[in-house]
Structure formats: structure tokens, C-alpha cells
Protein chains: 2
Amino acid sequence: MPDTALDSDPHAEAAKPTECQLRHAIELLFFAYRDFTGEADAILAAYGFGRAHHRVIYFVGINPGITVGELLSILKITKQSLSRVLGQLIDENFVLQGTDADDRRRRRLTLSDQGRELEAKLTAVQSARIAAAFDLAGDAAVTGFRTVLRGIINPDDRHRVAAGDGEAE
Amino acid sequence: MPDTALDSDPHAEAAKPTECQLRHAIELLFFAYRDFTGEADAILAAYGFGRAHHRVIYFVGINPGITVGELLSILKITKQSLSRVLGQLIDENFVLQGTDADDRRRRRLTLSDQGRELEAKLTAVQSARIAAAFDLAGDAAVTGFRTVLRGIINPDDRHRVAAGDGEAE
DNA sequence: CATATATGTCAATAACGCTGACTTAATTTT
DNA sequence: AAAATTAAGTCAGCGTTATTGACATATATG
């Protein structure tokens with residue numbers, strides 16, 4: 001039973017993509033990521049923040065109590081790079097620092113009310129864009145979108161995003 | 001006939017995504033884009049170039065004879081930002097400058113042999129990553145991936161990437 | 001000739017990442 | 001208890017990518 005372009009079996013092996021199709025995917029990623037981050041960048045600019053602040057706010061938001069070290073391993077940047085950004089967010093009261101009860105070397109990071117508010121605003125614009133694209137594309141397309149993006153991520157980091165349909169965690 | 005999660009009709013309307021599913025998509029985009037650009041960034045660093053040089057090389061490569069103004073409208077950066085990067089690429093003989101025959105104000109940009117070689121190397125690593133993800137995901141998923149990413153792009157810029165299956169142009 | 005367009009340039013500024021060297025505090029190992 | 005390791009923070013300097021604003025040059029168009 002040979003595969004065809006109309007075969008919708010999600011476990012089918014893909015036909016070998018042409019160079020043109022691969023270039024198309026490269027361009028889709030470039031333009032989609034640029035526009036995906038564009039609106040949030042504009043909101044951040046009003047606060048004097050940039051994309052790096054957003055990433056910290058986002059990952060502290062979904063991982064309340066995360067330590068500095070864990071944040072570094074998610075973001076894959078240096079301690080010194082994070083320091084500037086995180087320091088500003090703490091100084092301006094978007095992120096709160098606590099101390100771990102068991103290991104007092106560890107700082108536990110959480111969002112302040114102000115931080116949660118900004119996080120919600122940023123996630124709202126990005127979610128709205130994605131929700132619109134999902135609605136236009138349909139459920140089957142959404143599943144494919146997730147499967148391919150997950151396959152692009154380094155295997156070592158795939159555990160950072162839920163498998164399957166995004167319901168887990 | 002109500003939609004279900006198993007409905008594979010590509011024209012079906014999507015069920016309203018949950019906040020959790022939308023956050024999952026945000027994270028997929030973040031990690032996938034980071035890893036998608038990571039290998040190319042490492043190659044570029046060996047040449048003393050950065051991601052901005054890559055974008056110029058890529059879009060001059062697929063649009064031989066593109067003008068400076070057209071490049072600016074694709075990249076959506078300022079003339080001054082492009083100038084430094086493009087100037088370096090011209091100085092180091094990766095990009096060639098010609099003059100338009102009809103309008104001698106316009107510079108027609110093309111890749112030199114050296115530029116084509118670097119472009120091929122960069123596109124090769126990115127294509128390999130995408131091809132592997134495509135192969136793992138199957139044809140149906142690939143179609144969904146393209147549809148959703150296209151929907152994320154600002155409507156005004158969707159014309160810059162081919163519709164459908166990536167065969168067009 | 002006047003104006004608009006395409007490109008290029010100078011100067012200053014900022015966000016974000018890097019390396020290297022070091023400190024402090026707390027925990028773990030020996 | 002001393003030594004080593006770990007978590008976090010800091011200081012200094014550097015490079016890339018992007019910004020704004022002002023201005024220059026060549027060419028085309030009305």
C-alpha cells in the first residue's frame with residue numbers, strides 16, 4: 001500500500017522533500033517567527049524591556065519557584081547575560097526572589113502581580129495570533145504543526161515541551 | 001456532523017484551543033526556532049558573520065538580482081542596519097553589486113561563487129534538520145505545519161511564501 | 001528646473017549575547 | 001573540621017544587530 005499525497009495516516013513515512021519544499025519551510029519559519037514576536041516586542045518596548053525580558057517573564061510565569069540555574073538551562077544563555085535582564089526585572093518589581101527552604105543557596109523566582117499582568121498581556125497577543133492560525137487551519141493541521149515543530153527541536157530539549165496534543169504537564 | 005479530535009478533514013474548523021494548548025505552541029516555536037538557527041549560527045561564527053549576514057545571503061541567493069530596497073522590505077530592518085552587513089558581504093566578496101540597466105540608481109545584488117558556497121552550506125544544515133523532522137512526522141503533518149505557520153505570518157507578508165505545498169513560485 | 005527616489009554614510013544609542021576573572025554563601029565530601 | 005563543590009552574583013570588556021536622525025550623491029521623473 002503505497003503512500004500518496006492524500007494519505008492522512010499520521011504515522012505514514014514522508015516522501016523525500018524536494019529542496020524547494022525545504023526552502024519553503026525555512027522561509028515560513030523565518031517570517032512566522034518574526035511576526036510571532038513582533039507584537040510582543042512592541043508591548044515590551046513600552047516598558048523599556050526586550051525579548052530577553054519576555055523569555056524570563058514567560059518561563060518564570062509557567063514555572064513558579066524556578067531557580068536561576070534551571071532558568072539558565074532552559075534559556076541556554078550565560079549567567080552574566082541573564083543577570084542583567086533578571087536584575088532589572090527584580091529591581092522594577094516584575095520578578096520576586098525567595099530563598100529555597102532546603103538549600104539556602106538557591107533563589108526561587110516567582111512573578112509579582114505586576115509581572116503576572118505583563119506576562120498575561122504578552123501571552124494574550126501571541127495566543128491570539130496562534131489561535132487565529134489554528135482556527136483557520138483546522139485540528140488536523142494543528143496536530144501536524146506540533147509534530148513537525150517538535151521534530152525540529154534538539155532531542156535533548158524535547159522533554160521541555162509536552163508530547164502529543166499539548167494537554168499534558 | 002460535529003468535529004472531533006480525530007477528524008482529519010483539512011478544511012474542518014478547529015475546536016477552540018485551550019490556553020494550555022496555546023502556551024504549548026508558544027514554547028514549541030521558541031525552542032524550535034532556537035535550535036533551527038543554532039547550527040547555522042555556529043557556521044557563520046567561523047566566518048565572523050552573524051544571523052543578519054545569513055538572512056542577506058539567503059534572500060540574495062533565492063532572489064538573484066534583488067535590489068537593496070526589495071531586500072529591506074523583506075527583512076524589515078533599516079537601511080543603516082542593512083548597510084553594515086551588506087557592506088561587509090560585498091567587501092569580503094560574498095555578494096556582488098551590479099547596476100540596473102534601466103534605472104542606474106538601483107543596485108542589483110547577486111551571490112559570488114564564495115557566497116553561493118556559504119549559502120549552500122547554511123541551507124544544507126537547516127534543510128537536513130527540517131527534512132529529518134518531516135520524515136519523522138509524515139506527509140500529512142507536514143501539510144499541517146505549513147498551513148499553520150502560514151497563518152501565523154502577517155497577511156501582508158504571506159505573498160512572500162508560496163501557498164499550498166511549497167512547489168509553487 | 002524642481003522634486004522624488006534609490007542608495008550610501010556619519011554619529012549616537014540600546015538590547016542582547018559572549019568570555020574571563022573573581023567573590024560570597026551554603027552544601028557536600030573526604 | 002577542612003576541603004571541595006555548587007548556586008548565585010558581580011565587574012569589566014567586547015561584538016553583533018538593531019535603532020533614530022541627519023545628511024550626501026546620483027539618477028529619474030514631472
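Computed from a predicted structure; not experimentally measured.
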Residue closer to the 5' end of DNA chain C, B:L86 versus A:R107 (nearest nucleotide): B:L86
Upstream residue (5' side of DNA chain C) when B:G69 and A:S81 are each assigned their closest nucleotide: B:G69
From [atom1] of [X] over to [atom2] of [N], roughly how many Å is that when rounded to an integer?
{"X": "B:L75", "N": "D:dT19", "atom1": "CG", "atom2": "P", "answer": "10 Å"}
{"X": "B:Q80", "N": "D:dT16", "atom1": "CD", "atom2": "C1'", "answer": "16 Å"}
{"X": "B:Q88", "N": "D:dG15", "atom1": "CD", "atom2": "P", "answer": "12 Å"}
{"X": "A:L82", "N": "D:dC11", "atom1": "CG", "atom2": "P", "answer": "16 Å"}
{"X": "A:D41", "N": "D:dT17", "atom1": "CG", "atom2": "P", "answer": "17 Å"}
{"X": "B:F49", "N": "D:dA18", "atom1": "CZ", "atom2": "P", "answer": "15 Å"}

Short side-chain N/O contact from B:H53 to OP1 or OP2 of D:dT17, under 4.0 Å: yes
B:R84 side chain near D:dT17 phosphate (N/O to OP1/OP2, under 4.0 Å): yes
Name of the residue among B:H54, B:R34, B:R51 meeting side-chain hydrogen bond (donor to acceptor under 3.5 Å, both in side chains) with B:D41: B:R51
Common cluster, A:V68/A:I90, ILVMFWY with side-chain heavy-atom separation under 4.5 Å: yes
Any donor-acceptor pair under 3.5 Å from [X] side chain to [Y] backbone:
{"X": "A:S112", "Y": "A:N93", "value": "yes"}
{"X": "B:E39", "Y": "B:Q126", "value": "no"}
{"X": "A:R129", "Y": "B:I152", "value": "yes"}

Check every strand shown and say whether [X] touches a base, only sugar-phosphate, or nothing at a heavy-atom separation below 4.0 Å.
{"X": "B:R51", "answer": "sugar-phosphate"}
{"X": "A:Q97", "answer": "sugar-phosphate"}
{"X": "B:R108", "answer": "nothing"}
{"X": "A:H54", "answer": "nothing"}
{"X": "B:D102", "answer": "sugar-phosphate"}

Closest nucleotide among D:dA18, D:dT19, D:dG9 to the B:T78 side chain: D:dT19
Test: B:R23 and B:E19 ion pair at under 4.0 Å: yes
From CD (A:Q114) to CD (A:E92), nearest 0.5 Å: 8.5 Å
Mutual orientation of the aromatic rings belonging to A:F145 and A:F134 [parallel < 30°, tilted 30-60°, perpendicular > 60°]: perpendicular
Parallel, tilted or perpendicular, as decided by the 30° and 60° cut-offs, for the rings of B:Y47 and B:F94: perpendicular
Using atom names, set out every protein N or O paired with an N or O of nucleotides 4-6 of chain D below 3.5 Å, distance rounded to 0.1 Å.
unit_1 : atom_1 : unit_2 : atom_2 : d
D:dT6  : O2     : A:R105 : NH1    : 2.5

Nucleotides bounding contact with chain A, strand DNA chain C, heavy-atom threshold 4.0 Å: C:dA15 to C:dT27
B:K79 vs B:V85, nearer the 5' end of DNA chain D by closest nucleotide: B:V85
Shortest non-hydrogen contact between A:R150 and A:R158, atoms and distance: O-NE, 3.0 Å
